[in-house]
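Here is the structure we will look at, set down as structure tokens.
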Amino acid sequence: MKPLAARFYARDTKVVARALVGHILVSDVGGRRTAGRIVETEAYTGPRDPACHAWGGRRTARLEQLYGPPGTAYVYFTYGMHWCLNAVTEAVDYPAAVLIRALEPLEGLAVMRRRRGGVSDRLLCAGPARLCEALGVTGRLDGAVLQRGVLRILDNKARRDRIVVTPRIGVSRAIDWPLRFCAAGSPWLSRPTAAR
DNA sequence: GGTAGGATAAGCT
DNA sequence: GCTTATCCTACCA
């Protein structure tokens, strides 16, 4: 499988978030291969989105990679202990991204289990911070290019998922915006979602 | 089955 | 001081 080209990400963030479901995220962090199929994403659509870190046009050192070119990683630290991975979208200097929220583990399960401290396989990658831990993603990958290097998203031509759309998880603003995209019926989601 | 509270740090008001 | 795009454990039913 080939990586998704940068132009895949240079589109409306909602479109990219929906289109990413079913593609394959691969990590070679630490020289060990782990990979999974993306089954859940959320769109954070830029300065007019109250739940986006760059709401109102905020731009600080921590947010710099959110303003980077489409097809790069924005990795941020939260709650004092967790990393979360986003794929930057749209255009350079426009702060929008897709949060990767859950994977179906495909490769490197033994590595994932070790990194995750022996939780059940169901929970290896079922949440944005969980999948970062399983794949070894940390702030060192903030700004990394997703077409080559240790973190890549590969084009899965065989993907055929029905998509369920719901409000985003864990946000306290714009709580009803339908910007979470899930593979319908997947058992690997961060939380069960009624299929439709 | 469910929910409440704690861990832990950066950034904002 | 308070909030945060979270997760885990403990406790109760």
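Just so you know, these numbers come straight off a predicted model, no measurement behind them. Proteins come first, then strands; the chains are lettered A, B, ... in the order of their sequence lines, and each starts at number 1.
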Exercise for the section: Nearest whole angstrom, please: distance from the C1' of B:dA10 to the CG of A:Leu63. Expected result: 11 Å
Exercise for the section: Taking atom CD1 of A:Ile175 as the centre, report whether more than 12 heavy atoms of other residues, nucleotides or ligands fall under 6.0 Å from it. Expected result: no
Handout entry: Out of B:dA7, C:dT6, C:dC8, whichever nucleotide has its closest atom nearest the side chain of A:Met81
Key = B:dA7
Handout entry: Test item: A:His53 and A:Thr78 side chains (from C-beta on) under 4.5 Å apart, heavy atoms
Key = no
Exercise for the section: Starting from the C-alpha separation in whole Å, work towards a yes-or-no answer on side chain to side chain contact (heavy atoms under 4.5 Å, CB included) for A:Val26 and A:Leu151. Expected result: CA-CA 6 Å; A:Val26 180; A:Leu151 248 201; over 6 Å; no
Exercise for the section: Would you classify A:Ala129 as touching base, sugar-phosphate or nothing, given that sugar-phosphate means primed atoms plus P, OP1 and OP2, and contacts are heavy atoms under 4.0 Å? Expected result: sugar-phosphate
Exercise for the section: Look at the side-chain N and O atoms of A:Arg173 and state whether any lies under 4.0 Å from the OP1 or OP2 oxygen of C:dT3. Expected result: no
Problem - Phosphate OP1/OP2 of C:dT6 contacted by A:Arg101 side-chain N/O (<4.0 Å) - result: yes
Exercise for the section: Look at all strands and tell whether A:Arg191 reaches a base, only sugar-phosphate, or nothing, counting heavy atoms closer than 4.0 Å. Expected result: nothing
Problem - Closest-nucleotide ordering on DNA chain C, the 5'-leading residue of A:Arg130 and A:Glu42 - result: A:Glu42
Completion exercise
Whole-Å distance, A:Arg62 CZ to B:dG11 C1', equals 7 Å
Problem - Interatomic distance where CD1 belongs to A:Ile175 and C1' belongs to C:dT4 [whole Å] - result: 16 Å
Handout entry: Phosphate contact (B:dT8 OP1 or OP2) by A:His82 side-chain N/O below 4.0 Å
Key = no
Practice task
Test for a donor-acceptor pair under 3.5 Å between the base of C:dA5 and the side chain of A:Tyr76, counting only N and O atoms.
Solution key: yes
Problem - Face-to-face stacking of A:Tyr44 with C:dA5, centres under 5.5 angstrom, angle under 30° - result: yes
Practice task
Check the distance between C:dT6's P and A:Leu85's CG and give it to me in whole angstrom.
Solution key: 14 Å
Problem - Closest nucleotide among C:dC7, B:dG11, B:dA7 to the A:Arg58 side chain - result: B:dG11
Fill in the blank from the handout: Here the distance between atom P of C:dC7 and atom CD of A:Glu133, to the nearest Å, is 10 Å
Problem - A:Leu99, nearest nucleotide to its side chain (from C:dA5, B:dG11, C:dT4) - result: C:dA5
Exercise for the section: Considering just the side-chain nitrogens and oxygens of A:Thr78, establish if one lies under 4.0 Å of OP1 or OP2 belonging to B:dA10. Expected result: no
Exercise for the section: Using a cut-off of 6.0 Å, state whether more than 12 heavy atoms not belonging to A:Arg140 lie near its atom CZ. Expected result: no
Exercise for the section: Sort out the partner of C:dG1 for me: Watson-Crick or G-U wobble, both distances under 3.5 Å, none otherwise. Expected result: B:dC12
Practice task
Would you mind reading off the distance between A:Trp177 atom CH2 and C:dA5 atom C1', rounded to a whole angstrom?
Solution key: 14 Å
Handout entry: Nucleotide C:dC7, atom C1' - distance to CD1 of A:Ile169 in whole Å
Key = 14 Å
Practice task
Identify whether NZ of Lys or CZ of Arg in A:Arg62 sits under 6.0 Å from the centre of the six-membered ring of A:Phe77 and within 45° of that ring's axis.
Solution key: no
Problem - Residues, nucleotides or ligands: over 12 heavy atoms within 6.0 Å of A:Arg7 CZ - result: no
Practice task
Would you mind telling me which of C:dA5, B:dA10, C:dC8 lies closest to the side-chain atoms of A:Tyr74?
Solution key: C:dA5
Practice task
Nearest whole angstrom, please: distance from the P of C:dA5 to the CZ of A:Arg180.
Solution key: 16 Å
